[in-house]
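Here is the structure we will look at.
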Amino acid sequence: MDMKSRRLFQPRTVLAQALGANDPTTHALVPPIHMSTTFIRDADNGYESGFVYGRTDNATVMQVEAILTNLEDGADALLFSSGMAAATALFLGLDRPTHIVASEVMYWGLRKWLAEISRFGHSVTFADTSDLEAVKRAIRPGQTGIFWIETPSNPLWTLADIRAIADVAHDCGALLCVDSTVSTPLLTRPIELGADFVVHSATKYLNGHSDVIAGAVIAREESDYWKRVQAIRGQIGCVLGPFQAWLLMRGMRTLDIRVREQSRTASQLAQMLSEHPDILAVLYPGLKDHPGHDIAVKQMTGGFGGMLSIRLKGGETAAVRTASRVLVWKRATSLGGVESLVEHRASIEGVGTPCPADLLRLSVGLEDLQDLHLDLVQAIG
Ligand SMILES: *Cc1c(COP(=O)(O)O)cnc(C)c1O
């Protein structure tokens, strides 16, 4: 049976078997890593295989792209050397000065880059994308060409209504890109909800083992714009290396069970921490009092993700002190790996951050729930 026929199999099956990839020559179950940078030309000067040079053509990279295309129900996917390379390639692919509407609260690295995008001739308005009216107010008729949302978004885990914003974007002739890193292809399916592009920092949940930097974009259709993005990747050369692509494919085999288990632990932990007397607020889309809970219920299936944040009553001092005392949780930036991470975001984001100083961001890994809970309780002290 051909696994590549879209939606014939559940994501978990597609992931476990890497979309049926294997080695046609030896019948090795696990596909080889295609390391070659160049390909032998035919005697008639042609390239019958279609493979010419490694910056544009690599079979290992293409295998992972096929899995992502299937999972997101897109028309095509591209892997990049990082999530930032994936995101910036989309903006670099715009063919005329464009106004961009982006989430006010989003991944800090990309927000900083977007804030300076005028040097490429574009302009940007940051809006509260959890508020549909604020999104509409940000539109500049005739100029707005792209909406960029991240949901749930770093580090407050606010939700943006993908279907509603897709309608708003399409009504004004614009496209919608969704950074779905935190939701993963398992919990939210942006293209099904109307998005034109889905972006992932594959560094996070997709790879899941904190040992690969990678990014991906999946497109609803193979438009001219998409072809420019593809060309830009080849021209800049920000493609993923074959070894990283192979590691990513290996990591993705367990994506389904990792994400489900991480969501389950995060959800229980969020409940437990909400009862702690020194915690001012627990921010988790699965909690009924979370401002984005209703949208989360609508557009997330099978869990609310493995990310949450806590705000300490003792303010910044208490937050930094708590982070300094953890033993099981690791103090590090990044998210989505099998090890649980804690981070004082305001310190890393610096001046101008919308992140409260009393906030700790928690990326829940695969450790035992009680170990994680007790460690935080002792660290809060
Ligand atoms: C990490 C991250 C990025 C950037 O990805 P890199 O792989 O680090 O370049 C973009 N968006 C979100 C939501 C992220 O968490």
What is the distance from atom CZ of Arg163 to atom CD of Glu192, rounded to the nearest 0.5 Å? 8.0 Å
Of all heavy-atom pairs between Pro155 and Arg345, which one has the smallest distance, and what is that distance? CB-CG, 3.9 Å
Verify the distance criterion only: is there a donor paired with an acceptor across the side chains of Thr353 and Trp108 at less than 3.5 Å? no
With a 3.5 Å distance limit and no angle check, can you tell me whether Ser36 reaches the backbone of Thr38 through a side-chain donor-acceptor pair? yes
Which of Ile67, Leu68, Val61 passes side chain to side chain contact (heavy atoms under 4.5 Å, CB included) with Glu65? It is Val61
Arg250, CZ atom: more than 12 neighbouring heavy atoms under 6.0 Å: no
Between the side chain of Arg12 and the main-chain N/O of Asp256, is any donor-acceptor distance below 3.5 Å? no
Between the main-chain N or O of Gly194 and the side-chain N or O of Arg220, is there a donor-acceptor pair closer than 3.5 Å? yes
Say whether, by atom type as modelled, one donor and one acceptor occur between the side chain of Thr203 and the main chain of Ile213 under 3.5 angstrom. no
Residue among Leu156, Leu341, Val342, Thr333 satisfying side chain to side chain contact (heavy atoms under 4.5 Å, CB included) with Arg361: Thr333
Looking at Glu104, is its backbone amide N or carbonyl O close enough to the side chain of Arg111 to form a donor-acceptor pair, meaning the two atoms are under 3.5 Å apart? yes
State, without any angle test, whether His200 and Glu72 hold a side-chain donor-acceptor pair at a distance under 3.5 Å. yes
Do the side chains of Ser340 and Val328 get nearer than 4.5 Å, heavy atoms only? no
According to the interplanar angle, ranging from 0 to 90°, do the rings of Phe197 and Tyr225 count as parallel (below 30°), tilted (30 to 60°) or perpendicular (above 60°)? perpendicular
Less than 4.5 Å apart, side chain to side chain, heavy atoms only: is that true for Thr144 and Thr125? no
Donor-acceptor under 3.5 Å (Thr254 side chain, Gly251 main chain): yes
Show the nearest heavy-atom pair for residues Ala102 and Val124, with the distance to one decimal. CB-CG2, 4.3 Å
Quick one: are Thr181 and Val199 in side-chain contact, heavy atoms under 4.5 Å? no
Interatomic distance, Arg233 atom CZ to Leu92 atom CG [nearest 0.5 angstrom]: 14.5 Å
For Thr158 and Ser130, test the side chains for any donor-to-acceptor distance below 3.5 angstrom and give the result as yes or no. no
Would you check if the side chain of Gln378 reaches a backbone N or O of Asp375 as a donor-acceptor pair within less than 3.5 Å? yes
Working for side chain to side chain contact (heavy atoms under 4.5 Å, CB included), residues Asp161 and Lys298: CA-CA 9 Å; Asp161 187 331; Lys298 224 170 43 170; 2.8 Å; yes
Quick check: are there more than 12 heavy atoms from other residues, nucleotides or ligands sitting under 6.0 Å from OH of Tyr53? no
Under the side chain to side chain contact (heavy atoms under 4.5 Å, CB included) test against Trp246, which residue among Leu240, Val30, Val212, Val64 passes? Val30
Rounded distance (nearest 0.5 Å) linking atom CG of Leu247 with atom CD1 of Ile33: 7.0 Å
Are more than 12 heavy atoms, taken from residues, nucleotides or ligands other than Phe243, located less than 6.0 Å from that residue's CZ atom? no
Test item: Arg311 side-chain N/O and Leu283 main-chain N/O as donor-acceptor pair under 3.5 Å: no
Enter the distance from Ser123:OG to His99:NE2 here, rounded to the nearest 0.5 Å. 4.5 Å
Using a strict cut-off of less than 4.0 Å between a Lys/Arg side-chain nitrogen and an Asp/Glu carboxylate oxygen, indicate whether Lys313 and Asp278 qualify as a salt bridge. no
What's the separation between atom CD in Gln299 and atom CG in Leu159, rounded to the nearest 0.5 Å? 6.0 Å
Would you please test Trp148 and Met106 for side chain to side chain contact (heavy atoms under 4.5 Å, CB included) and show each step? CA-CA 10 Å; Trp148 180 279; Met106 64 187 269; 3.6 Å; yes
For Ile40, does the CD1 atom have more than 12 heavy-atom neighbours from other residues, nucleotides or ligands under 6.0 Å away? no
Are any side-chain N or O atoms of Arg41 and backbone N or O atoms of Asn45, one a donor and one an acceptor, separated by less than 3.5 Å? yes
What orientation do Tyr284 and Phe304 show, parallel under 30°, tilted 30 to 60°, or perpendicular over 60°? perpendicular
Could you check whether any side-chain N or O of Ser201 sits under 3.5 Å from a backbone N or O of Gly215, counting only pairs where one atom can act as donor and the other as acceptor? no
Tell me whether Leu362 shares a hydrophobic cluster with Val326, the cluster being built from Ile, Leu, Val, Met, Phe, Trp, Tyr side chains joined at under 4.5 Å. yes
